[in-house]
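See below for the structure under consideration.
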Amino acid sequence: MLPLKQTWQAILEHNGHDSTLHDYDLVRQWYESFNTQDTPLFLSLWEGDFCVAIYPMLVERKAGSVILKNLWVDTFSIAFPLVRKEYRDVFMERFMTALDHGNVPWDALKLSAVPTYMCHELNLAPDAFTRLGHQNMVIADTTWCIDLRQPFEEYLKTQLSMHSRRSYRNRRNKLERENARFVIYKGREALPHWETLLHIEDNGWKAEQGSSILRTPPIKGYCDVLVRTLAEQDKLYFCFLELQGKAIAGSFSYYENGVLNGLKGGYLREYKGYSPFHILTLSMVEHFREYEPRAALFNIFPNTYGYKDKFSHGRESFLTFTVAGKSLKSRLLMGLYKLKMRHLSRRQG
């Protein structure tokens, strides 16, 4: 792994460490935490003797087919390759050309969790694959986002219903009368509060279903490395709602390239009557730009859980690109996949 690490670090340093998700140790931890059955694969793109990109992927073998996949698991996905910044505009075309003429056998390429607000980074669009002669299909899942550039009072009026606004103000006033406060910790300052956040997140239905960070060892292992890495790069944010000095709701987020990504959070069930996590979320919307004036979006990811759509607009998506190889087998597989997805879509509709 040492030659790969040296090449990886050279690209990362050239780019100014512009994405935490491309930290070498974090990518290695992703494989250790989440990959249980597929074969790791690092696809590299070269200009002569000069490496310009590395794409960490997985090889899935299914029913005699070979599927290349990026690293996807819920909110902890590494969707993009590591590419020298001056090659990003041409990467996808060169990457697909290299796949077509390379020595890696494949029948399908599946790129998951690609945010629409970042597709421009690599000119990633269906027509890019179509121009190169590849059948493809794109599935869009709404990722709930809040526009942080909008003044908070305007946001309340345009995004929240009258009932939700009234409920929010009543609960916030009640909390203020009882000495509640919103607290935010950034970077290394946040690290001592990791255990508090884990305790809050391990509560209610997450604890009962065993889906909290503490009760899911693979996620806990990955998050420990992610938290340390984000703290070192001053991108980590822990936000809490405290009531009489006790944290009753918490959120684990990171800020990068204009986007606040809300990864995990929760509240103590015994304080449910205060709607603490809703109040915490709206407090983050109100105050986050005081810490990051260039923040544009607050991404709280797909799956509404019954509340995200109330606070967020649905203008952004996480895209899944499925691309067929050029062989007859690949094209037949793509045809069957499209039929399957249309059938599922009709059933859900």
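Note: hydrogens, waters and symmetry copies are ignored here, and every other heavy atom, side chains too, is used.
- Within the structure, salt bridge (Lys or Arg N to Asp or Glu O under 4.0 Å) pairs that include any residue of residues 7-18 comprise D18-R88 (at least two apart or interchain).
- The ring pair (Phe, Tyr, Trp, His ring centres under 6.0 Å) check on F298 picks up nothing, with sequence neighbours excluded.
- The environment of CZ in R188 is sparse: at most 12 heavy-atom neighbours from other residues, nucleotides or ligands sit within 6.0 Å.
- Applying the salt bridge (Lys or Arg N to Asp or Glu O under 4.0 Å) rule to pairs touching residues 135-154 yields D147-R149, E153-R169, sequence neighbours excluded.
- Remark: D309 engages no residue in a salt bridge (Lys or Arg N to Asp or Glu O under 4.0 Å) (not counting sequence neighbours).
- Qualifying salt bridge (Lys or Arg N to Asp or Glu O under 4.0 Å) partners for R166, counting only residues two or more places apart in sequence or in other chains: none.
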Hey, can you pull the donor-acceptor pairs under 3.5 Å for the side chains in residues 313-321, sequence neighbours left out?
residue	atom	partner	partner atom	Å
H313	ND1	R315	N	3.1
H313	NE2	R315	NH2	3.4
E316	OE1	T116	OG1	2.6

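- A search for ring pair (Phe, Tyr, Trp, His ring centres under 6.0 Å) contacts involving Y31 returns F42, not counting sequence neighbours.
- A search for salt bridge (Lys or Arg N to Asp or Glu O under 4.0 Å) contacts involving R289 returns nothing, not counting sequence neighbours.
- Residues passing the salt bridge (Lys or Arg N to Asp or Glu O under 4.0 Å) test with D127 are R131, sequence neighbours excluded.
- The salt bridge (Lys or Arg N to Asp or Glu O under 4.0 Å) pairs that include a residue from residues 109-119 number zero, where partners must be two or more places apart or lie in different chains.
- With sequence neighbours left out, E242 forms a side-chain hydrogen bond (donor to acceptor under 3.5 Å, both in side chains) with R181.
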Taking only distance into account, with no hydrogens and no angle test, what donor-acceptor pairs under 3.5 Å do side-chain atoms of residues 72-80 form with protein atoms, sequence neighbours excluded?
residue	atom	partner	partner atom	Å
S77	OG	V73	N	3.0
S77	OG	D74	O	3.2

